[in-house]
A.B. asks: 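This is the structure, below, for whatever I ask next.
All values reported here derive from a predicted model rather than from experimental measurement. In the text below, chain A, chain B and the rest are named by the order of the sequence lines, each starting its count at 1.
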4 protein chains.
Amino acid sequence: MERKMIIGIMGPGESAAESDLEVAFQLGKKLAEENFLVLTGGRSQGVMDAAMKGAKSAGGTTIGILPSADGNDQSKFVDIPIKTGMGSARNNINVLTSDLVVAVGMGAGTASEVTLAIKANKPVILMNASPETMPFLEQFAHPELVKANTIEEALQNINRFLSDS
Amino acid sequence: MERKMIIGIMGPGESAAESDLEVAFQLGKKLAEENFLVLTGGRSQGVMDAAMKGAKSAGGTTIGILPSADGNDQSKFVDIPIKTGMGSARNNINVLTSDLVVAVGMGAGTASEVTLAIKANKPVILMNASPETMPFLEQFAHPELVKANTIEEALQNINRFLSDS
Amino acid sequence: MERKMIIGIMGPGESAAESDLEVAFQLGKKLAEENFLVLTGGRSQGVMDAAMKGAKSAGGTTIGILPSADGNDQSKFVDIPIKTGMGSARNNINVLTSDLVVAVGMGAGTASEVTLAIKANKPVILMNASPETMPFLEQFAHPELVKANTIEEALQNINRFLSDS
Amino acid sequence: MERKMIIGIMGPGESAAESDLEVAFQLGKKLAEENFLVLTGGRSQGVMDAAMKGAKSAGGTTIGILPSADGNDQSKFVDIPIKTGMGSARNNINVLTSDLVVAVGMGAGTASEVTLAIKANKPVILMNASPETMPFLEQFAHPELVKANTIEEALQNINRFLSDS
């Protein structure tokens, strides 16, 4: 049995910018078309919601790692809702479960996921990142950290990183 | 979008009895046929492994909530491996994520899951339980706790509990 | 530096019996007099609250591993409040952090802690347990599981188990 | 009963710079003299170890929130070792349990703690931070985030933030 690869799409919730939502939707859609599983923090907000909506629009399967114990915060685009009841401690599960992490936009929670991903030695791709992000993260000298300006570029890097591993 | 219900099948790992493995396999198979998602603790041992093997034999989808951070303990019958890196603390995620818990056999870890399920107010069905189990659990006066002697009886109770909720 | 041993006192919260509260208070007091640290689930209810009240009455130090993220559930007898934000998943931290676990009374949450303690190979002492408890737990063949009928008997077993380890 | 305030000192482990260790030691010492409890990630490495060594040198009390389940990674300067068995997911407990977080130096794990602290709305003070750190964190517009260049300045900010809250 060949397991499908899991791509985690992380990004701001309530504070996501319009352009983050658009990129998240297109990325989720593209990844589903390419037969990846799409994982997010599972809530009905921002980048999480948009990425899973995109994946579902292309018939993909979505995993949502929820902070809540009861799923009251759950996006309607989650196929597999994991109810952790752990709040932000679930960010580490998001990262460990993903074969690769793409951050779309940046917020405090997203930054915790990106740095936990670096700590866990996972490939990380940044999209729509603020200009201050790359200089900050580069100090951690993580070999598999790149920026992508387009969905195509993100996908090329995903395929490159996952074939290396 | 109608979400599929998630049934957690819990039970001993290395110490599972032959009869536990047989029941777990048949239950996993039947649940997949009936279009449920099958969730377990995800390891390549005992009831977890057998239940997911059964589900896959009928073309079902399986979720494994792993204690490890890296999946080195993972059954080959897991479709969706959730890597928690939390050891036995992940038992609470097993329970919260399941719409209903079936315990097949009994061990210390399984007992923690059954009692966490009662605490979280989830329906619980016991199969292959030792004679000491039901008297112990009945003191917690949980309205949705039953024993099932056959796969058929388990399924009847699953349908009854989930239509009530 | 010689570290003080940590004794976890587990037991029902809101549903604790009067006799559980009395035993928990006396046990907490005695353990503080004997220079142990007293750990509980930290809430302002039942056995947790009573055990820490007892420990503080003898000038002891108390550790409360709270389910909440913000401490709103915290007993006023906690010296060291650990805010996990993890709900019942924190039960595993209670157990791992304790050098030995004493259960006073029995409830679903307490049962999860006792079985997680057995799983983690920690010594366990039962007080005020229902008659159904010992037969249930004995099936797990844990070498360091005993009942104690008095505070004195509990203390003898604590000293015996901790000098063995 | 007046509870002592808990200050979390976060920072790199194995990769800490000599100047980070020196600041962590002096800060831990000063906080203990001022009657604060000192919390760290508990390991026998880097900023964690140095901060607790400083606190102990002044007779303080130290709390270590360990990633391990068995304490094999534990600093000898921990008074209260909390064994989470959760790896980096324990970073969120570090932050929730601290009334205020001071980061000394910067690494990927430290960055996750600082951003989780911002997410949890805790006051954050940066010492020995790289030049890229403040511009990155300022985008999250957290009102209680400052840099401190000296132990004195850190302490002034601690007193200011904690009297506000």
A.B. asks: How long is the span from the CD atom in Gln139(A) to the CZ atom in Phe136(D), to the nearest 0.5 Å?
C.D. replies: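 Interatomic distance, Gln139(A) CD to Phe136(D) CZ, rounded to 0.5 Å: 9.5 Å.
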A.B. asks: With a 4.5 Å cut-off on heavy-atom pairs, point out which of Gly107(A), Ala120(A), Gly109(A) contacts chain D the most.
C.D. replies: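 Ranked by contacts with chain D, first place is Gly107(A).
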A.B. asks: Nearest 0.5 Å please: distance from the OG atom of Ser88(D) over to the NZ atom of Lys119(A).
C.D. replies: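 Nearest 0.5 Å value for the OG-NZ distance: 5.5 Å.
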A.B. asks: Please give me the minimum heavy-atom distance between Thr115(A) and Ala108(D), naming the atom from each residue.
C.D. replies: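 Taking every non-hydrogen atom into account, CB-O, 3.3 Å.
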A.B. asks: side-chain contact (heavy atoms from CB on, under 4.5 Å) for Glu132(A) and Leu137(D)? Distances and angles first, verdict last.
C.D. replies: CA-CA 9 Å; Glu132(A) 297 83 4; Leu137(D) 295 177; over 6 Å; no
A.B. asks: Below 4.5 Å from any heavy atom of chain A, which atoms of Phe140(D) appear? Answer side chain, backbone, both or neither.
C.D. replies: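 Side chain only.
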A.B. asks: Which one, Val114(D), Thr110(D), Thr133(D), Ile118(D), leads in non-hydrogen pairs under 4.5 Å with chain A?
C.D. replies: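 The option with the most such pairs is Thr133(D).
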A.B. asks: In a check of side chain to side chain contact (heavy atoms under 4.5 Å, CB included) between Ser112(A) and each of Asn92(D), Asn91(D), Leu116(D), which one passes?
C.D. replies: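 With Ser112(A) as partner, side chain to side chain contact (heavy atoms under 4.5 Å, CB included) holds for just one option, Leu116(D).
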